[in-house]
Each structure stands twice: as C-alpha cells, then as structure tokens.
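Below: the structure, in structure tokens.
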Amino acid sequence: MQTSALPDLAHTATKPVHWLATAAAMAGVVALAGLLQPRTATATATAPEKRTTTPVAAPDPATVDFPLECGGAGTTVAKQAPGDLDGDGRPETVAVVHCDAGSGTPPSGIYVLTQRSGAAPRVVATLVDPADRKTIGDFAVHEGRVSATLLGYSSLEVPRCCPDQEEQASWRWKGNAFVRTSGDLARSV
C-alpha cells in the first residue's frame with residue numbers, strides 16, 4: 001500500500017459534532033424552504049370561457065304520450081336512459097315502452113324524447129316500432145350511441161313467452177336522422 005504524500009484532511013476524520021452541524025444546517029434549509037413558498041396561483045377564465053350553464057334535465061318519459069295502441073290499458077316505461085345523442089349539449093331520453101298488458105310479453109318500442117326550454121317533452125324518433133313485434137333485452141345509452149338486444153320469434157308457433165331470435169342493434173345520430181347498425185341478425189337463442 002502506498003501512503004499519501006498529502007497531509008490528512010479535516011473532512012476525513014469526522015466527529016459527531018460535524019454530523020450534528022450538517023443535520024442542523026439541512027433542517028434550517030428545509031424549514032426556510034417551507035416558509036418561502038411561491039404565491040398561490042389563481043386562474044381566471046377569459047370572457048369566452050366564462051360560461052355559466054345550468055345543467056339541463058333530460059326529458060321525463062312519465063309525461064309523454066307515446067304512439068302506442070294499447071286499447072285503454074295504458075303504457076309502461078320499462079327502461080330509460082339519458083344522453084346527448086345529437087351533440088347539441090342538451091340531453092335526450094331514450095325510453096323502452098310497451099303496453100301495460102299485465103301478463104305476457106307485449107312488444108316494445110324504443111323512443112327518443114327531447115324537450116325545448118319551457119315546452120313539454122315529445123317523441124322525436126322511433127328506433128323500434130312495436131309493430132315489429134320485438135321485445136327489448138339489454139339496453140344502454142353510451143357516448144351518443146343507443147344499443148339494444150332485440151328479441152323476437154321465428155314463427156307463430158313459438159310461444160309468446162319465449163323468444164327464439166336475438167339481434168344486437170345500435171343507433172347513432174348522423175346528419176339529421178338516427179342510423180341503425182345491426183350485429184348478429186336473427187341469431188337463434
């Protein structure tokens with residue numbers, strides 16, 4: 001081993017007092033940094049961004065007369081979901097409605113409701129007409145798209161309680177109408 005020609009330096013022989021001095025200095029720096037914080041940032045919106053929009057409620061299907069012929073039995077809103085389907089910032093309501101038959105599986109309709117300020121809600125589109133003799137299984141409104149499982153019958157011999165056909169369908173607003181896309185057409189259940 002070769003010995004150094006340099007004399008021993010002070011920092012090579014530390015003593016506990018040196019560690020205490022270093023710790024006190026670091027604590028002082030941390031405390032000072034805690035006291036010297038930058039001012040709290042405040043953001044203000046420019047005039048176009050300062051919009052005070054009151055949330056608009058989706059139309060209530062309980063107050064709508066649906067275009068169903070129920071022979072005085074009345075209608076039942078089986079399912080409903082809100083969503084902005086046309087991108088205008090106002091929510092529409094999509095409702096699955098059938099006649100209040102009491103028993104059995106009456107055909108359903110899927111209707112889109114809208115409501116202008118101060119006006120009563122109204123049906124603006126029929127996505128599934130009860131005349132198509134379909135019942136609705138799964139149903140959802142998500143990101144401007146309506147999706148549903150349509151259940152039907154392959155023949156008149158199939159009991160009305162037990163649909164034997166299933167179709168996945170979805171609708172999206174394009175231009176000035178709802179455009180339908182279908183998945184598995186007439187798939188047996």
Side-chain angles (χ1 to χ4, degrees), residues 42-102 104-154 160 163-189:
T42 58
T44 58
T46 59
E49 295 175 11
K50 280 190 176 180
R51 284 185 258 172
T52 55
T53 56
T54 305
V56 178
D60 182 5
T63 62
V64 175
D65 288 325
F66 292 97
L68 283 168
E69 297 294 327
C70 295
T75 59
T76 298
V77 177
K79 301 173 185 178
Q80 64 180 347
D84 183 8
L85 301 175
D86 57 4
D88 67 353
R90 299 179 63 90
E92 287 78 32
T93 297
V94 182
V96 176
V97 184
H98 60 78
C99 291
D100 189 12
T105 312
S108 299
I110 298 179
Y111 302 98
V112 178
L113 312 175
T114 191
Q115 183 175 12
R116 295 188 186 263
S117 296
R122 62 187 177 92
V123 174
V124 292
T126 301
L127 304 180
V128 174
D129 192 327
D132 297 337
R133 310 204 49 78
K134 302 284 186 183
T135 56
I136 310 303
D138 293 335
F139 163 76
V141 175
H142 183 68
E143 294 181 356
R145 184 175 62 101
V146 178
S147 60
T149 302
L150 309 178
L151 305 172
Y153 306 93
S154 60
R160 296 296 111 179
D164 64 340
Q165 290 187 329
E166 179 179 303
E167 177 184 359
Q168 301 300 319
S170 65
W171 297 263
R172 190 174 286 279
W173 181 259
K174 294 202 180 180
N176 60 355
F178 284 97
V179 177
R180 178 180 170 173
T181 57
S182 295
D184 301 320
L185 294 174
R187 183 171 54 125
S188 294
V189 180

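Note that the structure is predicted; figures quoted are calculated from it, not measured.
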Check: Any donor-acceptor pair under 3.5 Å linking the side chain of Arg90 with the backbone of Gln115?
Finding: yes

Item checked: Atom pair CD (Glu166) and NZ (Lys134), whose distance is rounded to the nearest 0.5 Å -> 10.5 Å

Margin query: For Trp173, is there any backbone N or O sitting under 3.5 Å from a side-chain donor or acceptor partner on Trp171?
Written below: no

Please set out all donor-acceptor pairs under 3.5 angstrom arising from side-chain atoms of residues 138-151, sequence neighbours excluded.
| residue | atom | partner | partner atom | Å |
| --- | --- | --- | --- | --- |
| Thr149 | OG1 | Gln168 | OE1 | 3.1 |
| Thr149 | OG1 | Gln168 | NE2 | 3.3 |

Note to self: Within the structure provided, determine whether His98 and Thr76 are in side-chain contact (heavy-atom separation under 4.5 Å).
What the structure shows: yes

Next item on the list: Carefully, step by step, assess Asp84 and Glu92 under the rule side chain to side chain contact (heavy atoms under 4.5 Å, CB included).
Entry: CA-CA 6 Å; Asp84 183 8; Glu92 287 78 32; 3.7 Å; yes

Next item on the list: Drop me the distance from Asp86's CG to Asn176's CG, to the nearest 0.5 angstrom.
Entry: 11.5 Å

Item checked: Atom pair CG/CG of Leu127 and Asp132 - distance to nearest 0.5 Å -> 11.0 Å

Next item on the list: Using atom types as modelled and distance alone, determine if a side-chain donor or acceptor of Asp100 lies under 3.5 Å from a backbone N or O of Gly74.
Entry: no

Note to self: Can you tell me if Asp65 has over 12 outside heavy atoms packed within less than 6.0 Å of its CG?
What the structure shows: no

Note to self: Please list all pairs meeting ring pair (Phe, Tyr, Trp, His ring centres under 6.0 Å) that have one or both residues in residues 62-83, counting only residues at least two apart or in different chains.
What the structure shows: Phe66-Tyr111

Check: Thr75: what forms a side chain to side chain donor-acceptor pair (under 3.5 Å) with it, not counting sequence neighbours?
Finding: none

Item checked: Closest approach of Ser108 to Thr135 (non-hydrogen atoms, all atoms of both residues) -> OG-CA, 4.2 Å

Notebook entry, point to check: Looking at CZ of Phe178 and OG1 of Thr126, how far apart are the two atoms once the value is rounded to the nearest 0.5 Å?
Noted result: 10.5 Å

